[in-house]
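What follows is a short report on a single structure.
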Amino acid sequence: MMNNRAAGNRALFGAIFGLSVLMGFIAFGLLTRLYLMPVLAATDAFTALTALVAIHAYRFIGLTFLLPGVVAPEGLPPGFARPAAYGDLVAAILAVIAALMLHAHLPGALAVTWVFNFWGMADLLNAMVQGPRRLASKGPGQLGASFFIPTVIVPALLVTHVLIFWQLLRAMH
């Protein structure tokens, strides 16, 4: 049973976490609207796609969900940590392959980019659904130093997934 102070701390942490995620979307949305959209609109689709997809090569950072001490000392629940970490790793590998193929204008580059983008977006959306469900017992404080992933990195990645879909549709025409 949780005492009032622990319940209050958990509620405060949850509110700060939620506000941080919201601000992550607002900040990256602002950056996207003011700077990325005009540049992407003036750039050919293959060049734009290469840049947007290459950003996702950093998704290996999700492997930190598997490291006790980086996250809570006891680690994260495996039902959340493993799919999130390995899903991000697969997305990173697909992003590297797609970016290299796009840059070289290889046949099949757009198909690989579609696969990457569906996988990557589904992985992030799954983590956004599973995270609150699997971390509910102790709250988002279990994320430890990985707190920045869902609050800063995930909003930016989701926005870039939408931009990638836009560029893929543009490349088809």
Side-chain angles (χ1 to χ4, degrees), residues 17-66 70-71 76 80-135 140 143 145-173:
F17 179 77
L19 180 60
S20 296
V21 171
L22 176 63
M23 290 305 298
F25 276 107
I26 290 170
F28 201 75
L30 183 64
L31 176 70
T32 298
R33 178 66 187 102
L34 297 177
Y35 295 101
L36 290 179
M37 294 286 290
V39 170
L40 294 173
T43 306
D44 71 277
F46 268 77
T47 302
L49 280 167
T50 303
L52 291 167
V53 169
I55 293 166
H56 290 262
Y58 283 99
R59 298 243 332 234
F60 66 86
I61 198 76
L63 291 171
T64 62
F65 288 148
L66 300 174
V70 173
V71 295
L76 293 174
F80 169 75
R82 288 183 187 136
Y86 294 124
D88 274 348
L89 180 60
V90 169
I93 292 166
L94 288 170
V96 168
I97 294 166
L100 291 172
M101 290 180 73
L102 286 163
H103 182 71
H105 292 269
L106 294 177
L110 292 177
V112 171
T113 304
W114 277 103
V115 170
F116 150 73
N117 211 42
F118 276 115
W119 173 272
M121 188 163 220
D123 172 60
L124 290 175
L125 293 174
N126 180 57
M128 289 178 72
V129 169
Q130 294 301 320
R133 226 179 98 226
R134 304 279 183 168
L135 304 177
L143 293 170
S146 295
F147 182 89
F148 70 92
I149 294 173
T151 59
V152 177
I153 295 175
V154 168
L157 293 177
L158 281 171
V159 170
T160 59
H161 275 298
V162 171
L163 294 172
I164 292 167
F165 280 125
W166 169 47
Q167 293 298 318
L168 282 166
L169 293 171
R170 195 173 142 215
M172 293 172 52
H173 294 97

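Reckoned from all heavy atoms, side chains included, excluding hydrogens, waters and symmetry mates.
Listed here is the closest heavy atom pair of G62 and I149: CA-CD1, 4.4 Å. Minimum heavy-atom separation, Q130 to F80: C-CD1, 4.0 Å. Among all heavy-atom pairs drawn from A99 and V53, the shortest one is N-CG1, 3.8 Å. A95 approaches A57 most closely through the heavy-atom pair CB-N, 3.8 Å. P150 and P155 make their closest contact through O-CD, 3.3 Å (heavy atoms, listed as atom of the first residue, atom of the second, distance). What you find for D123 and P83 is that their closest heavy atoms are OD1-O, 3.7 Å.
The one candidate from I97, L106, L102 that meets the side-chain contact (heavy atoms from CB on, under 4.5 Å) condition with V112 is I97.
Pairs of residues two or more places apart, or lying in two chains, that qualify as side-chain hydrogen bond (donor to acceptor under 3.5 Å, both in side chains) and include a residue from residues 80-100 are R59-D88. Sequence neighbours left out, not one pair with a member in residues 155-173 passes salt bridge (Lys or Arg N to Asp or Glu O under 4.0 Å). The stretch residues 23-45 participates, sequence neighbours left out, in these side-chain hydrogen bond (donor to acceptor under 3.5 Å, both in side chains) pairs: D44-T47.
Summarising the geometry, atom OG1 belonging to T113 is positioned 7.5 Å from atom CE belonging to M101; distances are rounded to the nearest 0.5 Å. Remark: L76 CG to L135 CG distance equals 6.0 Å, nearest 0.5 Å. Summarising the geometry, atom CG belonging to N117 is positioned 8.5 Å from atom CG belonging to L49; distances are rounded to the nearest 0.5 Å. Between the CG atom in L100 and the NE2 atom in H103 there is a gap of 8.5 Å [rounded to 0.5 Å]. Interatomic distance, OG1 of T64 versus CG of L143, reported as 9.0 Å (0.5 Å rounding). The CD1 atom of I164 sits 9.5 Å away from atom CE of M121, with the distance rounded to the nearest 0.5 Å.
When the ring pair (Phe, Tyr, Trp, His ring centres under 6.0 Å) test is applied to H105, the partners found at least two apart in sequence or on another chain are F46. F28 pairs by the ring pair (Phe, Tyr, Trp, His ring centres under 6.0 Å) definition with nothing, not counting sequence neighbours. Among residues two or more places apart in sequence or in another chain, the ring pair (Phe, Tyr, Trp, His ring centres under 6.0 Å) test is passed with F165 by W114, F118.
In the displayed structure, Y58 atom OH is contacted under 6.0 Å by at most 12 heavy atoms of other residues, nucleotides or ligands. Heavy-atom contacts from other residues, nucleotides or ligands closer than 6.0 Å to CH2 of W166 number more than 12.
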inquiry  = Test side chain to side chain contact (heavy atoms under 4.5 Å, CB included) on L52 and L40; report intermediate values, then the result.
reply    = CA-CA 9 Å; L52 291 167; L40 294 173; 3.9 Å; yes
key: side chain to side chain contact (heavy atoms under 4.5 Å, CB included) assessment of T151 paired with M23   = CA-CA 8 Å; T151 59; M23 290 305 298; over 6 Å; no
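Taking the six-membered ring for Trp and thresholds of 30 and 60 degrees, F147 and F17 have ring planes more than 60 degrees apart, a perpendicular arrangement.
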